[in-house]
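Okay, so here's the structure we're looking at.
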Amino acid sequence: MNEQIKIRNERKEDYETVEKITRAAFYNLYVPGCVEHYLVHIMREHEDFIPELDFVLELDGDIIGNIMYTKAGLIDETENRKEVLTFGPLCIAPAYQRMGYGKLLLEHSFQKAVELGYDAIVIFGSPSNYVSRGFQSCKKYNVCIENGKYPTAMMVKELVPQALSGHKWIYQDSPVMAISEEEALRYDDTLEKMEKRYQPSQDEFYIMSQSFLEE
């Protein structure tokens, strides 16, 4: 049977489904439990959220994935600010992971981002998941964080070639990304109980999140 795949913008009636899928996809992945579903819950109301780049992927009429974007900033050496994008969470329901659906969401969103006039994306994640989609080390694009360091997990994709060339940049995330873990925990406690437990991917995340490239 041929699969019917459809990518469309998220609608209000999708919110609960998307949050459930996000929670299932991230629970215990990076830490015992997760905060990503809470981020999804609050992100839609934030001024940096971009509804036009909020997509769900339907398989045979059922939502199995989602990607959301927010605005972020790059500050150059003369204090000029350039608006760029960041995405996350990107989630695929656990039963459908590693089947190429995330790639479809990414490529669709990249095309739409270019149509909206954006020329670069900065993300934090595992490089093994994103280098095949055209992301490269932040250091290659001279993009650092405010302390001048180059996090191993920070990657950059130019949607338009040479969009970042000729400058040194400092990355500034949207304030919505600074999640209160207390509030996230309180929100999680209102939902159906899931078991918080250790798994090896949490150690991998810790190593990656604490790693920096040489300056």
> Does Phe55 have any ring-ring contact (aromatic ring centres under 6.0 Å, His included) partners at least two apart in sequence or in another chain, and if so, which?
Replying inline: His108

> Under the 6.0 Å and 45° cation-pi test, does Lys196 pair with Tyr27?
Replying inline: no

>> If we count only N and O atoms by modelled type, under 3.5 Å, do the side chains of Asn28 and Tyr198 hold a donor and an acceptor together?
In response: no

>> What I want to find out is whether Glu158 reaches Lys140 closely enough, with some N-O distance under 4.0 Å, to be called a salt bridge.
In response: no

> With a 4.0 Å cut-off, would you call Glu58 and Arg8 a salt bridge?
Replying inline: yes

> Among side-chain atoms of Tyr150 and Ser137, is any donor-acceptor pair under 3.5 angstrom?
Replying inline: no

>> Less than 4.0 angstrom from a charged side-chain N to a carboxylate O is my criterion; do Lys103 and Glu107 meet it?
In response: no

>> Assess, by modelled atom type and distance only, whether the side chains of Glu3 and Tyr101 contain a donor and an acceptor separated by less than 3.5 Å.
In response: yes

> Which heavy atom of Gly73 sits nearest a heavy atom of Val84, and at what distance?
Replying inline: N-CG2, 4.1 Å

> Under the salt bridge (charged side-chain N to carboxylate O under 4.0 Å, His left out) test, which residues partner Asp48, sequence neighbours left out?
Replying inline: none

> Salt-bridged, Arg23 to Glu192, with N to O below 4.0 Å?
Replying inline: no

>> How close do Asn66 and Asp54 get, counting heavy atoms only, and between which atoms?
In response: ND2-OD1, 3.1 Å

> Between the side chains of Tyr171 and Asp173, does any donor sit under 3.5 Å from an acceptor?
Replying inline: yes

>> Please tell me whether Glu183 and Tyr38 have a donor and an acceptor in their side chains that are separated by less than 3.5 angstrom.
In response: yes

> In terms of side-chain heavy atoms, does Tyr187 have a donor or acceptor partner in Glu182 at a distance below 3.5 Å?
Replying inline: no

> Hey, does the side chain of Thr152 reach the backbone of Ser211 with a donor-acceptor pair shorter than 3.5 angstrom?
Replying inline: yes

> Is it true that Lys71 and Glu47 make a salt bridge, defined as a side-chain N closer than 4.0 Å to a carboxylate O?
Replying inline: no

> Between atom CD1 of Ile64 and atom CE of Met99, what is the distance when rounded to the nearest 0.5 Å?
Replying inline: 8.5 Å

